[in-house]
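Just below is one structure, and these are the notes that go with it.
Positions are given from 1, in the same order as the sequence printed here.
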Amino acid sequence: MSIKSKIQELKGNQQLKDKIYQIIFGTDTPAGKRFDVILLVLISVSVLLIVFDSIVQNYVNGHDWIHYGFIGLEMLLQVFFICEYILRIYSHPNPKEYALSFFGIIDLLSIIPFGYNVGLRTLRIIRVFRVFRMLNFLEEGHELLISLQKSMNKILVFFFFVFILNICMGCILWVVESGSDSTINTALDGIYCSIVTMTTVGYGDTTPTTGLGKTLLSMMMLIGYTIVAIPTGIVSAEMVKERAKRKKYVCPSCGKTKHLEHAKFCDACGSKLLPKENS
């Protein structure tokens, strides 16, 4: 059998595709969970190699053998990640959809072959972004991503409100401080001081000198504490809604219920789930 015919056979092997899909994409199956754990470990090792290699090159004398050891491990991990990406493309029902998705693009960028000159070598740091996939592997992380996605419009509206508030307060602060020996000499200085104060960062490079200006900043400090809590409350409310919307699937093998809404298999025994009326 020729290589071309073998490739055609693999393309048409839907049973193999389904099996690989359940392992790689099926985070609710036992096999999928085991694969996710392995992938989490390898991603963590990949990121740690980048971090420790940068430390070794700058602070350890005679580091060449350690550096090349790190490179060898990185190459082994690179082979695994390339194989994983190919299998994801192969098994996905819509390969183009996966390739153009957020995580698909991250996976592609992270397997770009790296060189050892200054320009190409910096591409290795892109693999750090694979850490974002960790959230999608965990049940709680998946819920968090869904909640963030659904609350994004509210957060953007709130951010816009805070942005307008900072512009207004910054301009008022500039008017109040004009004519004094303050470092707030322009409207941009006032807006910058307002943002730094409201976010409770407080660099101290721009400060008011008048009593009214200090009073305004004091009010903005207090407002800043409440502003930080609002996005957290928005996301938390969405997470509560998501948990309440869990479908009441019942596993025909072990009888477990309350699986995730997208679940097709039992996360306890791996059996196919049977739908049950929501309650």
Side-chain angles (χ1 to χ4, degrees), residues 24-29 32-33 35-37 39-41 43-44 46-47 88 97-98 100-107 109-110 125-170 191-203 217-249 256-268 273 275 278-279:
I24 295 181
F25 290 95
T27 58
D28 57 330
T29 64
K33 285 186 175 182
F35 178 81
D36 290 344
V37 170
L39 199 55
L40 284 172
V41 172
I43 290 173
S44 302
S46 177
V47 174
R88 286 182 182 275
E97 179 184 348
Y98 164 72
L100 296 177
S101 66
F102 174 72
F103 287 123
I105 293 172
I106 287 178
D107 287 344
L109 291 176
S110 67
I125 200 65
I126 294 176
R127 289 196 312 216
V128 173
F129 288 97
R130 292 186 69 96
V131 175
F132 288 130
R133 292 196 65 90
M134 293 181 179
L135 283 178
N136 206 36
F137 295 148
L138 306 174
E139 182 176 316
E140 293 79 6
H142 185 76
E143 289 182 0
L144 177 60
L145 288 176
I146 293 176
S147 301
L148 285 172
Q149 183 180 10
K150 292 191 174 182
S151 58
M152 190 57 64
N153 289 338
K154 295 178 182 177
I155 293 177
L156 288 176
V157 170
F158 177 73
F159 175 79
F160 181 72
F161 166 76
V162 173
F163 179 71
I164 297 298
L165 179 61
N166 274 288
I167 291 178
C168 296
M169 296 297 289
I191 295 170
Y192 169 75
C193 184
S194 172
I195 293 174
V196 170
T197 303
M198 192 168 291
T199 55
T200 67
V201 175
Y203 289 121
L217 282 192
S218 298
M219 293 172 58
M220 292 170 66
M221 291 176 194
L222 296 175
I223 294 174
Y225 283 112
T226 60
I227 284 177
V228 171
I230 291 176
T232 306
I234 293 174
V235 176
S236 299
E238 287 295 335
M239 290 189 71
V240 171
K241 290 180 183 178
E242 284 302 312
R243 291 200 170 225
K245 283 165 54 179
R246 282 191 176 192
K247 287 187 177 180
K248 302 294 183 179
Y249 287 123
K256 181 179 177 180
T257 58
K258 294 186 178 180
H259 295 85
L260 288 176
E261 188 174 4
H262 71 286
K264 296 179 180 179
F265 301 90
C266 178
D267 57 7
L273 296 173
N278 291 350
S279 59

For residues 221-235, pull every pair meeting salt bridge (charged side-chain N to carboxylate O under 4.0 Å, His left out), keeping only residues two or more places apart or in separate chains.
none
Where at least one partner belongs to residues 153-164, residue pairs that pass salt bridge (charged side-chain N to carboxylate O under 4.0 Å, His left out), sequence neighbours excluded:
K154-E238
Those residues at least two apart in sequence (or on a different chain) that pass side-chain hydrogen bond (donor to acceptor under 3.5 Å, both in side chains) with T197 are none
Sequence-distant partners of [X], side-chain contact (heavy atoms from CB on, under 4.5 Å), two or more places apart:
| X | value |
| --- | --- |
| V235 | L144, S147, L148, S151, I155, M239 |
| I167 | F163, C171, I191 |
| Q149 | none |
| S101 | Y98 |

Sequence neighbours left out, cut at 3.5 Å: what donor-acceptor pairs do the side chains of residues 219-234 make with other protein atoms?
unit_1: T226; atom_1: OG1; unit_2: I223; atom_2: O; d: 2.6

